[in-house]
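Everything on this sheet refers to the single structure shown next.
Counting starts at 1 for both ligands and their atoms, in listed order.
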Amino acid sequence: MPTDLTRSKEFSDQFLTWARGKGRILIVAHDNPDPDSLAAAMALKHLFLKKLGQTATIAFGGIIGRSENRVMVEKLEIDAVPLESLDLDDFQVVCMVDTQPGTGNNSFPRDRPVHLVIDHHPAQDICTSCRWVDIRADYGAAASILFEYLQAQQVTFGTKLATILFYAIKSETQDLGREWCQADRTAYLHLLPQANNRILFDILHPQVPRAYFASISKAIHAARVYGDVLVFNLLEIDNPDIVAEFAELFMRTEGVVVVLGMGCFEPREVLSFRTRLHNLHAGDIMRTVVAGLGTAGGHGMIAGGQIEGQSGDWASQRELEQTLTKRLLTALGRPLQKGKRLVPAP
Ligand SMILES: [Mn+2]
């Protein structure tokens with residue numbers, strides 16, 4: 001058995017034995033969950049069902065906003081509920097996937113115990129208080145870790161879960177183009193023939209409301225270029241996911257290697273960071289940018305952050321944008337300069 005699979009077998013054996021008969025199980029995804037977080041949660045739920053005969057509840061904070069993710073949830077029957085709809089005292093076993101306690105990107109109360117953490121973001125200190133921790137920062141997707149547990153435990157699964165896991169690895173690593181390791185590739189290739197191509201096509205080509213195009217227009221006109229850095233502020237937004245989505249869109253700009261996007265989903269400022277530079281440590285840069293204001297985390301080329309207590313009005317947003325831009329340029333060692341519009345004013 002390859003080493004990773006051995007590790008997955010031993011770890012999953014241990015936490016399954018521990019969880020057996022403990023009581024009701026909660027699986028917490030990160031806020032405004034993406035496909036990777038939901039896939040990891042669904043796979044863990046399946047594992048508990050098959051190995052322990054126990055059902056688990058999947059919960060998240062925020063909303064599922066992105067059209068692709070909404071289609072995925074509907075067509076692949078992902079049953080996740082808002083965290084605020086639950087009485088947390090009902091659960092004796094708490095698991096976290098694709099996020100960690102106290103990172104700021106999940107809504108699980110910090111003072112409550114978390115027993116099992118499975119993630120691929122760099123480890124936070126607070127995890128030392130958790131009973132079971134499997135953090136693999138070299139993995140491109142949390143879904144790939146869960147895929148290994150299913151393999152190691154010889155748990156079979158159907159087309160829907162295969163499609164969820166495949167789409168998670170596909171979207172998180174951009175088809176093995178960004179931050180992937182051998183385990184992601186193994187999982188991706190194994191899952192590909194099991195996935196439902198018709199549903200995948202529907203997820204990848206969702207219809208979007210007309211307001212989506214208004215948001216694109218707003219983003220393009222808000223974008224400012226500072227040498228090889230692009231910053232955009234969407235001001236008030238009704239879907240936190242579009243910040244990351246448009247950050248990826250602007251990564252296509254010629255000559256740009258770093259993108260910082262922001263938008264206010266009141267009362268929280270949502271930040272998204274993308275880079276083409278492999279050696280930048282996006283999470284560290286973002287933590288520097290929001291130091292003293294908010295929280296941030298990320299992997300090598302992708303990071304996100306949040307600042308609480310913000311308002312979407314123009315004046316305070318301009319001020320915050322200027323502060324963060326200045327900090328970003330400084331953290332990157334770029335000269336402070338006046339931003340140039342990406343496109344001419346309308
Ligand atoms: Mn992830």
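A salt bridge is absent between D34 and R66; no separation between the charged side-chain nitrogens and carboxylate oxygens falls under 4.0 Å.
Checking H120 against the Mn ion (ligand 1), an N/O/S atom falls under the 2.8 Å cut-off. Between the Mn ion (ligand 1) and D34 there is no N/O/S contact shorter than 2.8 Å. E172 lies close to the Mn ion (ligand 1), since one of its N, O or S atoms is found at a distance under 2.8 Å.
Ring geometry for Y188 versus F166: interplanar angle of 30 to 60°, hence tilted.
Not a single ring pair (Phe, Tyr, Trp, His ring centres under 6.0 Å) links F265 to another residue, sequence neighbours left out.
A donor-acceptor pair under 3.5 Å links the side-chain atoms of Q337 to the main chain of P335, judged by distance alone.
Taking the Mn ion (ligand 1) as the corner point, the angle from D36 atom OD2 to D98 atom OD1 is about 90° (rounded to 10 degrees).
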